[in-house]
Amino acid sequence: MAAAQFDRVADFLNLNDELRERCKWPKRLISVTMPVKLDSGEVKVFFGHRVQHHLTRGPVKGGLRYHPAVDLGEVAALAMWMNWKCALMDLPYGGGKGGITCDPRSMSIGELERLTRRFTMEILPFIGPEIDVMAPDMGTNEQTMAWITDTYSTHAGYLVPSIVTGKPLGLQGSAGRAQATGHGVAFLASSALHKNNLPVEGASAVIQGFGNVGSHTAYTLASYGVKIRGISDVQGAIWHDRGLDVHALREHVAKTGTVVGFANAEPIDPDQLLCQPCDVLAPCALDRVITGDNAGKLQCKILAEGANGPTTPEADAVLDQRGDIHVIPDILCNAGGVTVSYFEWVQNFQHFQWTEREVLSKLETMLQRSFEKVTSFAARQGVSQRVAAQSIAIKTVADAKAQRGMFP
Ligand SMILES: NC(=O)C1=CN([C@@H]2O[C@H](COP(=O)(O)OP(=O)(O)OC[C@H]3O[C@@H](n4cnc5c(N)ncnc54)[C@H](O)[C@@H]3O)[C@@H](O)[C@H]2O)C=CC1
Ligand SMILES: O=C(O)CCC(=O)C(=O)O
């Protein structure tokens with residue numbers, strides 16, 4: 001999917017063959033096996049990957065995912081998208097992504113810690129604050145980042161907070177990083193509502209996923225006066241016509257681990273959820289959930305892509321033809337996370353802490369600037385929002401490669 005999108009944009013930009021090859025292929029693909037002792041005493045071998053798409057514009061930046069479906073191809077696609085995301089936001093980074101094939105929900109905290117520390121040790125020669133800086137993604141969190149910081153720092157002999165972002169505040173994490181991605185999704189959804197002359201207050205939203213991205217998208221949208229009608233997670237979906245109380249839902253999830261069973265809501269089929277009438281539909285969980293089969297049935301006005309790769313190329317073709325849904329493409333829509341990660345990295349080098357207000361206000365300025373760039377490119381060139389976003393990003397990377405010369 002990522003490669004097909006790249007080819008389409010490279011054709012549109014008329015990239016010459018040399019730059020096309022240099023932009024398309026990842027610089028480094030690192031795969032490791034990790035023997036880890038489980039609580040039962042058994043030793044299990046896990047597979048992990050880190051793909052560094054390119055380092056032309058700075059160190060590689062991107063999350064680390066723990067999920068049973070992780071494989072090298074998925075990680076490589078996610079690394080390529082990180083590349084375009086960092087370039088679109090004008091961050092001084094290349095893109096990277098990592099993943100371990102595991103089911104974090106069925107593992108104990110001790111098993112997760114041993115797995116994370118072993119992965120860090122295996123990839124130690126390939127990471128560093130000026131080489132590759134990881135962050136949380138699906139199935140990982142600030143605790144995972146704390147273990148990576150500790151393992152790397154123990155090896156270095158001193159605390160190296162800039163080795164990862166998305167750390168706990170006590171280890172020099174940044175104010176605002178935990179909510180940054182969802183805050184950005186909600187902020188850009190409201191920008192898109194404005195752009196389409198639709199009111200924000202009283203608008204309705206449906207959100208797939210209630211993890212880091214989905215939950216903070218819900219809280220921020222609710223703070224704007226948007227009614228969150230439907231939410232799903234891996235176990236099921238819930239609905240309330242007049243809007244769910246998302247703060248009570250947070251408490252319910254903290255107690256039970258799922259949105260399912262929340263009082264004051266009805267259950268709804270998770271697949272049906274995506275096709276309910278709403279102003280904003282925000283897929284904030286998995287990839288490839290908006291497909292050629294359901295794209296024609298969507299009843300939203302704004303598709304805010306909180307997840308990476310939620311829309312297949314077949315669905316894009318349907319949406320392009322429909323022309324009645326404003327798509328905020330993933331590399332723009334969920335860029336709040338990596339942007340605040342960049343702020344965290346800068347603060348670590350400065351040995352200084354910015355306030356949450358400073359962080360979120362700088363974030364909104366940068367997101368709005370990229371949103372305007374993308375929407376005006378799309379209008380000027382008569383292309384979709386995705387082609388516009390990827391064109392701006394790929395051109396930025398191709399120009400940097402050309403400027404560095406033949407062998408960057
Ligand atoms: N955490 C971050 O800062 C960023 C995350 N993303 C992307 O956002 C997406 C979600 O990431 P996080 O929220 O961090 O992960 P997370 O692990 O915190 O939450 C994932 C959520 O998705 C739900 N989910 C899983 N399978 C599902 C299914 N079949 N149907 C409905 N819900 C399902 C889970 O129950 C959970 O609520 C991923 O695509 C990730 O790559 C993108 C940018 C930054
Ligand atoms: O915060 C980061 O460095 C990367 C977040 C991420 O993995 C993503 O944007 O997909």
Side-chain angles (χ1 to χ4, degrees), residues 2 25-36 45-55 58-86 91 93-104 107 111-153 155 160-167 173 177 181 211-213 286-287 307-309 330-331 334-335 337-338 341-342 344-345:
W25 301 109
K27 173 66 83 191
R28 295 182 191 137
L29 301 97
I30 302 142
S31 289
V32 294
T33 53
M34 294 156 288
V36 174
V45 174
F46 290 86
F47 293 78
H49 314 278
R50 184 76 185 166
V51 175
Q52 302 177 339
H53 193 89
H54 78 70
L55 295 106
V60 166
K61 190 81 191 82
L64 174 65
R65 175 176 289 200
Y66 289 1
H67 193 272
V70 162
D71 63 22
L72 183 59
E74 177 185 71
V75 176
L78 291 163
M80 191 193 237
W81 284 324
M82 276 313 302
N83 227 10
W84 312 145
K85 195 182 300 183
C86 294
L91 307 178
Y93 291 137
K97 203 80 169 194
I100 299 180
T101 317
C102 65
D103 181 3
M107 294 173 71
E111 290 169 339
L112 287 168
E113 176 170 0
R114 292 193 288 280
L115 177 64
T116 304
R117 288 185 184 278
R118 183 65 197 234
F119 180 66
T120 310
M121 287 189 278
E122 295 290 350
I123 64 165
L124 212 62
F126 306 102
I127 59 174
E130 298 286 359
I131 306 169
D132 185 338
V133 182
M134 292 189 277
D137 189 76
M138 255 176 113
T140 58
N141 54 31
E142 59 174 36
Q143 178 60 73
T144 324
M145 297 305 116
W147 291 326
I148 296 175
T149 307
D150 183 63
T151 308
Y152 188 89
S153 301
H155 182 80
V160 188
S162 50
I163 184 60
V164 290
T165 59
K167 300 176 290 292
R177 175 60 185 89
T181 310
N212 175 277
V213 181
L286 303 172
D287 50 60
N308 285 304
D330 48 6
I331 63 165
N334 66 35
V338 72
S341 277
Y342 165 61
E344 182 174 329
W345 184 72

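Keep in mind that this is a model prediction, so the values were computed, not measured.
At least one side-chain heavy atom of I131 sits under 4.5 Å from a side-chain heavy atom of R28. Residues P136 and N212 fail the side-chain proximity criterion, which asks for heavy atoms closer than 4.5 Å. Side-chain contact between Y152 and M134 is absent, with no heavy atoms from C-beta onward closer than 4.5 Å.
Note that CZ of F46 and CD1 of I100 are 8.5 Å apart. Values are rounded to the nearest 0.5 Å. Taking CD of Q52 as the reference point, atom CE of M82 lies at 13.0 Å (rounded to 0.5 Å). Taking CE of M34 as the start and CZ of R114 as the end, the distance is 14.0 Å to the nearest 0.5 Å. The distance from the CZ atom of R118 to the CD1 atom of I123 is 13.0 Å, given to the nearest 0.5 Å. Of the inter-residue distances, the one linking H155 atom NE2 with I163 atom CD1 reads 10.5 Å to the nearest 0.5 angstrom. Rounding to the nearest 0.5 angstrom, the gap separating the OH atom in Y66 from the CG atom in L112 is 7.0 Å.
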Go through V32 and F119 one step at a time and tell me if the side-chain contact (heavy atoms from CB on, under 4.5 Å) criterion holds.
CA-CA 8 Å; V32 294; F119 180 66; 3.8 Å; yes
Yes or no on side-chain contact (heavy atoms from CB on, under 4.5 Å) for N308 and K85, after CA distance, side-chain angles and deciding distance?
CA-CA 10 Å; N308 285 304; K85 195 182 300 183; 3.1 Å; yes
Would you check, one step at a time, whether the test side-chain contact (heavy atoms from CB on, under 4.5 Å) holds for F47 with L72?
CA-CA 10 Å; F47 293 78; L72 183 59; over 6 Å; no
Is there a side-chain contact (heavy atoms from CB on, under 4.5 Å) between Q143 and T116 once you walk through the steps?
CA-CA 10 Å; Q143 178 60 73; T116 304; over 6 Å; no
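Nearest approach of C86 to V338, heavy atoms of both residues: SG-CG2, 4.1 Å. For the residue pair L115 and C102, the shortest heavy atom distance occurs at CD2-SG, 4.0 Å. Minimum heavy-atom separation, V70 to T101: O-OG1, 2.9 Å. Nearest approach of G173 to E344, heavy atoms of both residues: CA-OE2, 3.5 Å.
With no hydrogens or angles considered, a side-chain donor-acceptor pair links N141 and T144 at under 3.5 Å. For the residue pair S341/R177, the side-chain donor-acceptor check at 3.5 Å is satisfied.
Judged by distance alone, with hydrogens and angles left aside, the side-chain atoms of K27 form no donor-acceptor pair with the main-chain N or O of L55 at under 3.5 Å. Of the possible polar contacts, one joining the W345 side chain to the P129 backbone as a donor-acceptor pair under 3.5 Å is found. Between the side chain of D103 and the backbone N or O of P68 there is no donor-acceptor pair closer than 3.5 Å. Checking side-chain atoms of E122 against main-chain N and O of G48 turns up no donor-acceptor pair under 3.5 Å. Listed for the T140 side chain is a donor-acceptor partner under 3.5 Å among the backbone atoms of L64. Within the 3.5 Å criterion, the main-chain N or O of A307 finds a donor-acceptor partner in the side chain of N334. Counting only distance, with no hydrogens or angles, the side chain of D132 and the backbone of I127 share no donor-acceptor pair below 3.5 Å. Using a distance-only test at 3.5 Å, with no hydrogens or angles considered, a donor-acceptor pair links the side chain of K61 to the main chain of V133.
Of the candidates H53, M80, H54, K97, P26 forms a side chain to side chain contact (heavy atoms under 4.5 Å, CB included) with just one, namely H53.
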